[in-house]
Amino acid sequence: MGTEQLIVALVVVAVVGFALARTIRIIPQATAAIIERLGRYHRTLTPGLNLVVPFIDRIKEMIDLREQVVSFPPQPVITSDNLVVSIDTVIYFQVTNPKAATYEIANFLVGVEQLTVTTLRNVVGGMDLERTLTSREEINTELRGVLDEATGKWGIRVNRVELKAIDPPASIQDSMEKQMRADRDKRAAVLTAEGQKQAAILTAEGEKTAAVLRARGEAEAAVLRAQAEAEAAAMRAKGQADAIGMVFKAIHEGNPDQRLLAYQYLQMLPELAKGDANKLWIVPSEMGRVLENLGGLFGGDKDGGGKES
């Protein structure tokens, strides 16, 4: 009898322990638990310690409330100019209503992916290839607006949509690369020509300015040289005039006789003959008289010497 009571007690303890274990639910942070009672939605458990009725309440699903990042595989999209491009998308979303995310759609990740693909095709289908490649921000904004509106009833908020890559066909990429190379070569040629033109203009302007400055300097130098030569000529003329005046004054003050003047005349003859232009000599008629005076001068000196002796 004691053994039976012990077994019963152990069974009761096990049942109570199991019931307590099913009654206490600890929900992690940033997580919500959907509780169903007898197959119907009952309530949503928040993070922390929660109590439920065992065998009646059960956890339907655990919902992550953190912002989630989902990268979808490349999707082929046809542009308005009938070119197929492959586009990778990244969606940043967050569950705001765990109940709606559980009961309004069977799999919200699949729903978000398919909605992204269809919306992307609608948006890009109205653009040509060039606009598609250069309008990422516009495409992101339109995708986010459509997705956020459509997923609101699912209890999901789309925070951001990004296009990771837009890959046109290989033939189009090759043509675009050739066009870009041609455009770069054209811009380089234009810039080179503009640089050479500007350099030629600056060189011509510099040469013009230098020529004007040289001409102006030469004119000023010529004027200064002429002024200097005029002043020098005036100084020389004044000096010669002063010298002639002084000689004339000295001659008159010395009262020279005819013989002294004749002697000075003969001394000046060699100086006159030094000029390169003096090819022809004209002997004045007074030359004989001068020689007679000189002869008388020398004769007088000789006689005078005889008398003294």
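Worth knowing before you read on, the calculation uses all heavy atoms, side chains too, and leaves out hydrogens, waters and symmetry mates.
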Chemist: Strictly distance-based, threshold 3.5 Å: is any side-chain N or O of D148 a donor or acceptor partner for the main-chain N or O of R144?
Modeler: no
Chemist: OH/Y41 to NZ/K60 distance, rounded to the nearest 0.5 angstrom?
Modeler: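 Separation between the atoms: 13.5 Å.
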Chemist: Are the side chains of P168 and L129 in contact, using a 4.5 Å heavy-atom criterion?
Modeler: yes
Chemist: Please determine which of D128, V84, T132 meets the side-chain contact (heavy atoms from CB on, under 4.5 Å) test together with T79.
Modeler: T132
Chemist: Does a side-chain heavy-atom distance below 4.5 Å link F93 with L147?
Modeler: no
Chemist: Hydrophobic cluster membership, with links at side-chain heavy-atom distances under 4.5 Å among I/L/V/M/F/W/Y: are V146 and V117 in one?
Modeler: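 Looking at the clustering, V117 is in a separate group from V146.
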Chemist: Once rounded to the nearest 0.5 Å, what's the spacing between atom CD of E205 and atom CD of E207?
Modeler: 11.0 Å
Chemist: Between I35 and V95, is there shared hydrophobic-cluster membership here, with clusters defined by ILVMFWY side-chain heavy atoms closer than 4.5 Å?
Modeler: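 Different clusters: I35 never reaches V95 through Ile, Leu, Val, Met, Phe, Trp or Tyr contacts under 4.5 Å.
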Chemist: For the pair T118 (side chain) and L115 (backbone), establish whether a donor and an acceptor sit closer than 3.5 Å, ignoring hydrogens and angles.
Modeler: yes
Chemist: Within a strict 4.5 Å, meaning less than it, do heavy atoms of the E61 and P98 side chains meet?
Modeler: no
Chemist: Is the backbone N or O of L163 less than 3.5 Å from a side-chain atom of R136, with the two atoms forming a donor-acceptor pair by type?
Modeler: yes
Chemist: Between atom NZ of K197 and atom OG1 of T192, what is the distance when rounded to the nearest 0.5 Å?
Modeler: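 OG1 of T192 is found 14.5 Å from NZ of K197.
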Chemist: Considering non-hydrogen atoms only, spot the tightest contact between N50 and R43 and give its length.
Modeler: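 Nearest heavy atoms, N50 then R43: OD1-NH1, 4.4 Å.
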Chemist: Can you tell me how far CD of E137 sits from CD of E162, rounded to the nearest 0.5 angstrom?
Modeler: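 Rounded to the nearest 0.5 Å, the CD-CD separation comes to 7.0 Å.
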Chemist: How long is the span from the CD1 atom in I63 to the OG1 atom in T96, to the nearest 0.5 Å?
Modeler: 11.5 Å
Chemist: Check whether any side-chain heavy atom of M62 lies under 4.5 Å from a side-chain heavy atom of I27, and answer yes or no.
Modeler: yes
Chemist: For the side chain of Q94 and the backbone of L65, is there at least one donor-acceptor N/O pair under 3.5 Å apart?
Modeler: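 Yes, Q94 side chain to L65 backbone: donor-acceptor pair under 3.5 Å.
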Chemist: Going only through I, L, V, M, F, W and Y residues with side-chain contacts under 4.5 Å, is there a path from M127 to I78?
Modeler: no
Chemist: Would you say F72 and L109 are hydrophobically clustered, going by side-chain heavy atoms of ILVMFWY under 4.5 Å?
Modeler: yes
Chemist: Do you know which of I105, V70, I91 makes side-chain contact (heavy atoms from CB on, under 4.5 Å) with V112?
Modeler: I91
Chemist: Any link between I59 and I26 through a network of hydrophobic side chains (Ile, Leu, Val, Met, Phe, Trp, Tyr) touching at under 4.5 Å?
Modeler: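 Looking at the clustering, I26 is in a separate group from I59.
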Chemist: Does any part of the side chain of R25, heavy atoms only, come nearer than 4.5 Å to the side chain of D57, both counted from C-beta?
Modeler: no
